[in-house]
Each structure stands twice: as C-alpha cells, then as structure tokens.
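Data block below; observations after.
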2 protein chains.
Amino acid sequence: MFKVNEDYLKLPGSYLFSTIGKKVAAFQEANPDKGIIRLGIGDVTQPLAPSIIKALHSAVEEMAHEETFHGYAPDLGYEFLRSAMAKNDYQNRGCDIEADEIFISDGAKCDSGNIQEIFSRDCKIAVCDPVYPVYVDTNVMAGRTGVYDAVTETWSDVIYMPCTKETDFAPELPKETPDIIYLCFPNNPTGSTITKAQLQAWVDYANKNGAVIIYDAAYEAYISEEDVPHSIYECDGARTCAIELRSFSKNAGFTGVRLGATVIPKEVKCGEVMLHSLWARRHGTKYNGAPYIVQKAGEAVYSEAGKAELKEQIAYYMRNAKVIYEGLKGAGYNVSGGVNAPYIWLEIPKGMTSWEFFDCLLERANVVGTPGSGFGPSGEGYFRLTAFGSYETTVEAIERIRKM
Amino acid sequence: MFKVNEDYLKLPGSYLFSTIGKKVAAFQEANPDKGIIRLGIGDVTQPLAPSIIKALHSAVEEMAHEETFHGYAPDLGYEFLRSAMAKNDYQNRGCDIEADEIFISDGAKCDSGNIQEIFSRDCKIAVCDPVYPVYVDTNVMAGRTGVYDAVTETWSDVIYMPCTKETDFAPELPKETPDIIYLCFPNNPTGSTITKAQLQAWVDYANKNGAVIIYDAAYEAYISEEDVPHSIYECDGARTCAIELRSFSKNAGFTGVRLGATVIPKEVKCGEVMLHSLWARRHGTKYNGAPYIVQKAGEAVYSEAGKAELKEQIAYYMRNAKVIYEGLKGAGYNVSGGVNAPYIWLEIPKGMTSWEFFDCLLERANVVGTPGSGFGPSGEGYFRLTAFGSYETTVEAIERIRKM
C-alpha cells in the first residue's frame, strides 16, 4: 500500500495567503455591498509597461510563423535574457556575475521553494522572524525542521532570528551556527533594509562558518537610499557563499506573467561539488524553461524605454507607500518600512492579536492586510500593508483606517 | 558546514537530452557546412494555431490596461481553463472528473518530476523499461531508488517492466508489488499503446494492491485507433487509484509556451489523507500559477476553431510519422509505433549499440535521433525518431537514412 510524505502532514493549517483568501471571500459573500480594498497580498495592480506589452505582442507574432517559432527553451534560460541580467543587474553595479551563473525560472516563489532540494536533509536552516512563509514551509515539506511546537509556533530544528522593534528589524548573528541562512532585503514583510556594511558582516560570517546564504532580492528595485545594497554580490566574498533570488514580479509587475531567476556563482562549493551543477541538474531534470514570450518580455525590462517606464511604475507604488506610512503615523500608529520597500509594517495597538486586528480591519474598514503572526512568532503584534493598490484605493483605505 | 543532497550525486551522467544537445553542438561546430536534421528531441516545429495566437494577443492586450490586468493567478489555475478541460477532455468522454480535480501547471515535465514529492520516501516505484527518464531521475534525486548498478544500468529499488518486441512493447503486471506505477500511453519512447481492456487490468491491479498509477497522457491527441483509451478515467475504478498528467506541448504545440495539468480525483486516498489535498498544498506553497496569457491560450485550444486547427496540425505530424514508418520499413528496418503516437521505434541492426547508431546516423546522415538505451536498459538495441519535424525535412531525413 502506498504511503504519503508524512512531512507534508506536519504543516500546521494552510498556506497564509490561502487562509486570507478564504476569510475575505467569506466576508464578501456575507456582505456583498461592501467595497473591499486589498492591501494584503503583495500583488501588483498597475498594467504592464508599454515596452513590455510591445515585446509580448512581438514575441507572440514570432510564434505564429514557422521560421520564427520557438519550441523548448534552453534549460537554463535564453542567452539574451541571462546576458541582459548579468550586465544590468550585476556587472553595471560592479558585481562579478556571468550570464552562465544565472538560471531563468518562472518566479522567485518556485525558486525559493525548490532551492532547498539541492541541500542535504541534515542541513539546519536559519530564518528571520517574521519571514516569508515559503522558506520554512518548504523545508518542513522536506523533513528538515524537526518537531512543531504549537504553543510557540516554532520548529525544533529551525534557528529563528527575531527582527523586531528591539533589533531595529534586522537579524543578529545567531548563537548556533546554521548551514543555510535565508535573508531577504528589502524585507518582506517588515519593509526594513540593512546597510552594505551589515550585509558584509553576514557574508563574512557565512564564509567563516561554511554556511550558504540564500539572499532574496525580490524588492531591490524599491531601494531609494544610497547605502542599501541591491545585490549581495556587492559584498566581498559573496561569490563563495551566496545564492541570490531575483524576481520580475515586483520590479516589472510580472506577478501574473511569471519570471524570476536564481544566481549561483560557480565558486559556491561543498568540497568539489558546485551548487551550480546541482541546480543545473535540477533545472534539466524537473523544469522545461520559462515561456519564450515571457523571456522576451523580461528582456524588454532592460531596454532604455522599459527602464524609464518601470522607474515611473515603482514611483507610483512608492507614492502609495508614503500615503500609508504618513497616514498611519498621523493617526498615531507606530510604523516602519515603506522607504526602500513597498511594505509598511504597523505595530498593533496593545491587547489585540494580529489576526484579531485583521478581522477588525476587514469588518470595520473593509480593508485587507496581512497579520504579522502569519510570518512567524515575532510577527505577532504587527501587521503588513502593501503599497501595490491603486493610488485612489490606497488613499481611501487609509482614510477608512483613520476613521476606525 | 553545509552539505549537499547526496542523492543528486548518485545520478549517472547528465540528463539524456542535454547529452544529445552537446554531441550535436560539437558535431555542428566541427562540420559547419552540414545541414543537421533533428528528429531526436520531441520538440514541435509548426507555429501556434491562429486561434491560439489570437487568444495570446488578446490576453496581452488585457495586461496593458488596469481594468483588465491580471496579477497572481489562482493557485490551482483559472476556472475557465479547468472547466474547459473537465468538459472537453473528461466529461465529453464519459469520464467523471470535476474542474476542481484539475491542477493547472507550466508543463507535464515539471508535474511528472514533482508529483513524487507527495509520497513517502519508502514507496517503491515501477516503471516501464524503456521509459521517459524524468520519472526515474526525479525519484533518484528524492532518495527513493536504492543503489545504482552501472553494469545493468538499473537501480536496486526500482521495479523495471520490460517493454520489448517480446512483450509487444506493453508492460506485464510485475511480480513484486509496487506502491507507485508510472504508465505512459501512447508511449514515449516506443510509440506503442495499450487497449482499454489492458489498461483496465492495470487499474484493477492497482486498486487490489493499494498502488497509485501515475498515468502520463501527454500524447493522447495522436490516438487514431478506436480501442485505445484517451484517459485512464475511461476505466472503472480509476478514480480511487489514478493520477493523470496532461500536456499542451504535443496536442497544441506548446513546448515553448508551457502549459500542463495534473488530475487528482478526490477519491485517491491513503487512509483519510487525500492526495488531492497534498498536491494542492504543494501548489499553494511552491508554485505561483501558469501565466494568465498562457492559460488564455490554453482555453483557445478548446474553442471550435482551435480544435479544428489542431486536428490539422496533428494530421500534419502524423503524415510525417507515416513517412518515417513506411520509409524505414521499406529500407528493411523493423519499426513500430507511429500509428497512435508521434514516435517511431526502430530496431537497430545487430552488432551496434544504440549510442553507436546515434553517432553513425549523426555522422553519415546528419540526422539526430534518440538512442533507446537513454530510456533504460531494455531500450538498448532500439532508436527513437520523432514526427515533429517539418514534412520536407522528414522526407529528406528518411532519404538520407535509406542511402546510408
């Protein structure tokens, strides 16, 4: 008789955003007349930029003719896109990354979930707390996290690095040495960042302790301050210890288009084994490439026109971030984030859990946010709002919250 | 110090089609004047059908405007596509499958590689031999296959079911009971099929023995004979033991567009646990949906115009299959397949290995095929040719082989 993967059964409840989706759907059904404003899930709302639309139409047209039709993509992505990324995201910033160290995928969520597969099941992971749930959940599914404690909502074999007001929302070097360290800056969910010097300390720590850093740079396009690194490869020594995840979802509005990339320098090794080779093997065996038309759309992101249009799009969302940040601050809330990231992290009034605040906001202001506790135990007492709505609905949402 | 997944290191050599790609590239570089004809990898060459192109353009246009823009897709796929599949692929054939039992993905390769994750590492798999390499390789990477014997080219914990001339290229019920049985009909690589009665025997066997069948129906659109099932759900009892994989790659030319689906009836259970729930959890946690524009293209496959255009496209490839089949037969080769499948399976002249035949064909006829041994030990002595070239190049390739 076949048996199932018991590790899947250890996962408590369902995936955070599925739960939110169900709660919102139930509320909407019970209150069909209420206009709900969604500042919960990090989904963009602005249409694709004109250069990207043009590239998509043009690539679709190529698929209509035998001479220009494209079948299976190269396993690791088209050269035109890998080169554009290597040049624009790395070499132009002084980062030593080659095109063949970049693996194109259908999104950073998949990559951040799949990357753990190339490591031993014995590896111990360290995560920020709060944290994007995919890092921990996918390690649970792989049997790497030990036993769940329902009271503390933590796993016995995970090293949690609290990021709260007390640590200025940055993780401190852990006492116990991890094998794999997940870092995400600008951070989801807190919207916080660390400086290049702070990131350098992590790179030095990883190299010294034989750890790998999985660096999620999905929000780098939102950085507005000078001293905040856009890539971990801005740090010395990152080529021997860091994997970087890149996404087109937030910098180009590709949440429904699906494109991402993982960067693995050839120098990240365990003995003689390059992680680059293992990831290449995974791509070749379990994946068949991102759609040609989507990779062409990705190329357009790096065109001069594309860059200018996307700069405007990001400015649009960051104006929302400012509206939320200042509106809530003006209403007496403690807020952080929102300067180098599209996320605003709100301290919940004393006496309420973050799911209670979620329900309250949904019922009284008809605004959807994300409870901090959904991102880990240290997220309790906090709440995430995103800047990805339209300007008008964002202004309206903040008005409603202020009137609550 | 971090460690890698040792199971990845057990994989012998590289993925079959990567190896072929490298050999062909090396030959082309050494012989830049030779016109190589590729009948190796199962990649389509005909452009997307007009209805699909129209749907793609229209969906791209939707993405250009805020009111019709689409962000994250529903985890499990858009309702419009799941319903179209449920109706056209299942209910119209009398198969009892609901839209919410269909999970949309970016392709059957990913699904066939990822599906093993929801099973225990203790499960024993059975595969046809020869077989599409992804089934075995992904189980190797998960640590489920035991020890590799380089002489027999087999894994100690895999049950191999030989499909050779002696078995009429169909598997026999295994002596040892497996937990998971991979079946693919019409078959890749042999191009063979089994009747509905034969498939019913497998369903009965699985139900009796508590096994799950993973049924890969990627080539069902090529079936031309009456008694060959298009879906395993045509068999009684399949709802309690079978998962079906569907692909748009071969029925609609989507190899570079990327779309597939996995069907898991809610009745496939281990105790109280539905495999449906586990796969839903995997989708929700590690995947972010196929692109909206691609799912709209998938919907067009089921439009009246789309169906008519694709019927023609498949007829085009099947004309190639006939050219290959009859041409090689006329030249004195023993051939099978090619009637309900786009693959022709050729018996290699005695005294040659299938990689030797590969090299010989590449060097003397400048034609690329796939060595049967790449699909498993019982593939030795055979060779796969695909019908996915253009008509003209297919005719030319067969001419060249005949002259060899």
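Below, chains carry the letters A, B, ... as their sequence lines are ordered, and counting in each starts from 1. This structure is a prediction, so every number in the text was calculated from the model and none was measured.
Both the backbone and the side chain of Cys110(B) come within contact range of chain A, with heavy atoms under 4.5 Å apart. Both the backbone and the side chain of Val60(A) come within contact range of chain B, each with at least one heavy atom under 4.5 Å from a heavy atom of that chain. Of the two parts of Val273(B), only the side chain, counted from C-beta on, holds a non-hydrogen atom closer than 4.5 Å to a non-hydrogen atom of chain A. With a 4.5 Å cut-off on non-hydrogen atoms, Ala211(A) touches chain B through its backbone but not through its side chain. With a threshold of 4.5 angstrom between heavy atoms, Leu275(A) approaches chain B through side-chain atoms but not through N, CA, C or O. Contact annotation for Lys54(A): neither backbone nor side-chain heavy atoms come within less than 4.5 Å of a heavy atom of chain B. Heavy atoms closer than 4.5 Å to chain A are found nowhere in Leu259(B), neither backbone nor side chain. Only the backbone of His65(B) comes within less than 4.5 Å of a heavy atom in chain A; its side chain stays farther off. For Glu6(A), no part lies near chain B; criterion is any non-hydrogen pair under 4.5 Å. Contact of Glu61(A) with chain B is made through backbone and side chain together, with heavy-atom distances under 4.5 Å. Looking at Tyr8(A), the atoms closer than 4.5 Å to chain B (heavy atoms on both sides) all sit in the side chain, from C-beta outward. Residue contact with chain B, scored on non-hydrogen atoms closer than 4.5 Å, involves the backbone of Asn209(A) exclusively. Neither the backbone nor the side chain of Gln295(B) comes within less than 4.5 Å of any heavy atom in chain A.
Per-residue heavy-atom pair counts under 4.5 Å with chain B were compared for Gly210(A), Pro50(A), Gly107(A), and the maximum is reached by Gly210(A). When the candidates Leu56(B), Thr138(B), Ile118(B) are compared by the number of heavy-atom contacts under 4.5 Å with chain A, Ile118(B) comes out ahead. The residue among Gly271(A), Gly42(A), Gly256(A) with the most heavy atom pairs within less than 4.5 Å of chain B is Gly256(A). Between chain A and the residues Tyr292(B), Phe254(B), Tyr72(B), Phe119(B), the most heavy-atom pairs under 4.5 angstrom are made by Tyr72(B). Interface remark: of the candidates Asp179(B), Asp43(B), Ile53(B), Asp43(B) forms the most heavy-atom pairs closer than 4.5 Å to chain A. When each of Gly113(A), Pro178(A), Gly71(A) is checked for heavy-atom pairs under 4.5 Å with chain B, Gly71(A) comes out on top. Ranked by heavy-atom pairs shorter than 4.5 Å toward chain B, the options His57(A), Glu67(A), His70(A) are led by His57(A). Note: Cys123(B) leads Ser390(B), Cys123(B), Ala290(B) in heavy-atom pairs under 4.5 Å with chain A.
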*Test Leu278(A) against Asn5(B) for side-chain contact (heavy atoms from CB on, under 4.5 Å), laying out the working first.*
CA-CA 9 Å; Leu278(A) 299 187; Asn5(B) 179 345; 5.6 Å; no
*Could you go step by step and tell me if Arg258(A) and Asn288(B) meet the side-chain contact (heavy atoms from CB on, under 4.5 Å) rule?*
CA-CA 8 Å; Arg258(A) 313 306 312 141; Asn288(B) 240 333; 3.1 Å; yes
*So Val257(A) and Met63(B), side-chain contact (heavy atoms from CB on, under 4.5 Å) or not? Walk me through it.*
CA-CA 9 Å; Val257(A) 178; Met63(B) 298 295 279; 3.8 Å; yes
*Check the pair Arg281(A), Asp137(B) against side-chain contact (heavy atoms from CB on, under 4.5 Å), reporting the backbone distance first and the verdict last.*
CA-CA 10 Å; Arg281(A) 187 66 198 241; Asp137(B) 287 357; 3.7 Å; yes
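Across all non-hydrogen atoms, the minimal contact from Cys270(A) to Met1(B) is CA-CE, 4.1 Å. Annotation for Phe2(A) and Lys269(B): closest pair CZ-O, 3.4 Å, computed over non-hydrogen atoms. Between Pro291(B) and Val294(A), the closest heavy-atom pair is CG-CG2, 4.4 Å. Arg282(B) and Met141(A) get closest at one heavy-atom pair: CA-CE, 3.8 Å.
Between the side chain of Lys3(A) and the backbone N or O of Arg121(B), no donor-acceptor pair lies under 3.5 Å. In terms of modelled atom types and a separation under 3.5 Å, the side chain of Lys286(A) and the main chain of Val134(B) share no donor-acceptor contact.
The side-chain heavy atoms of Leu48(A) and Phe69(B), taken from C-beta on, include a pair separated by under 4.5 Å.
Atom CD of Glu66(B) sits in a crowded spot, with more than 12 heavy atoms from other residues, nucleotides or ligands closer than 6.0 Å.
To the nearest 0.5 Å, atoms CG (Leu9(A)) and CD (Glu272(B)) are separated by 12.0 Å.
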